[in-house]
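Report on one structure; see the data block that follows.
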Amino acid sequence: MSRQIRRRARVRAARMRRRAAIRLQLLRLWLGTRAAGQHGMATAEYAIATLGAVAFAGLLVVIMRSDEVRGFLLAIIRQALALP
């Protein structure tokens, strides 16, 4: 009988440790979000970065379409492909 009691106590203690670990994890998550205090800022930052990337890509397209840059790049490619 004492063996069963010890086993139940061990099972109960393990269950309590698991619950405590889960509560600690949840508390850490909750404190992490509370400390940040900027719940919607990540989406706005991504939107601004995306707009900046699109503007930079548009600028590159305009530059790449100019005759000077096109000639310069073609000269580099021809020189790289030329056999010595």
Side-chain angles (χ1 to χ4, degrees):
M1 181 106 168
S2 64
R3 211 180 267 178
Q4 288 179 350
I5 292 172
R6 281 185 285 192
R7 185 176 181 279
R8 285 181 193 163
R10 279 195 308 267
V11 169
R12 197 174 302 141
R15 202 175 292 147
M16 289 175 65
R17 280 192 299 271
R18 275 192 304 247
R19 287 180 183 163
I22 290 171
R23 287 182 183 146
L24 185 61
Q25 266 185 327
L26 289 173
L27 180 64
R28 285 181 183 157
L29 285 172
W30 183 76
L31 287 174
T33 57
R34 296 282 295 175
Q38 300 177 355
H39 297 289
M41 290 303 291
T43 305
E45 290 167 359
Y46 284 126
I48 290 171
T50 302
L51 286 175
V54 168
F56 185 68
L59 180 65
L60 284 177
V61 166
V62 169
I63 291 172
M64 295 299 286
R65 285 190 177 176
S66 70
D67 291 331
E68 293 176 7
V69 174
R70 186 177 297 163
F72 178 69
L73 290 175
L74 283 174
I76 291 174
I77 293 171
R78 285 187 185 131
Q79 188 177 14
L81 295 177
L83 294 174

Subject >> Rounded distance [0.5 Å steps], CG in Leu74 versus CG in Asp67 >> reply: 10.5 Å

Subject >> Rounded distance [0.5 Å steps], CZ in Phe72 versus CD1 in Ile77 >> reply: 11.0 Å

Original post:
Just how far is it from atom CG of Leu81 to atom CD1 of Ile76, taken to the nearest 0.5 Å?
Top reply: 12.0 Å

Subject >> Contact summary for Arg65 and Arg70, nearest pair of heavy atoms >> reply: O-NH2, 3.6 Å

**OP:** May I ask whether Leu59 and Val69 are part of the same hydrophobic cluster, defined by side-chain heavy atoms of I, L, V, M, F, W, Y residues being less than 4.5 angstrom apart, directly or through others?
**Re:** yes

Subject >> Residue pair Met16 / Arg19, side-chain heavy-atom distance below 4.5 Å >> reply: no

Subject >> Point-to-point distance, once rounded to the nearest 0.5 Å, from CZ of Arg8 to CZ of Arg6 >> reply: 13.0 Å

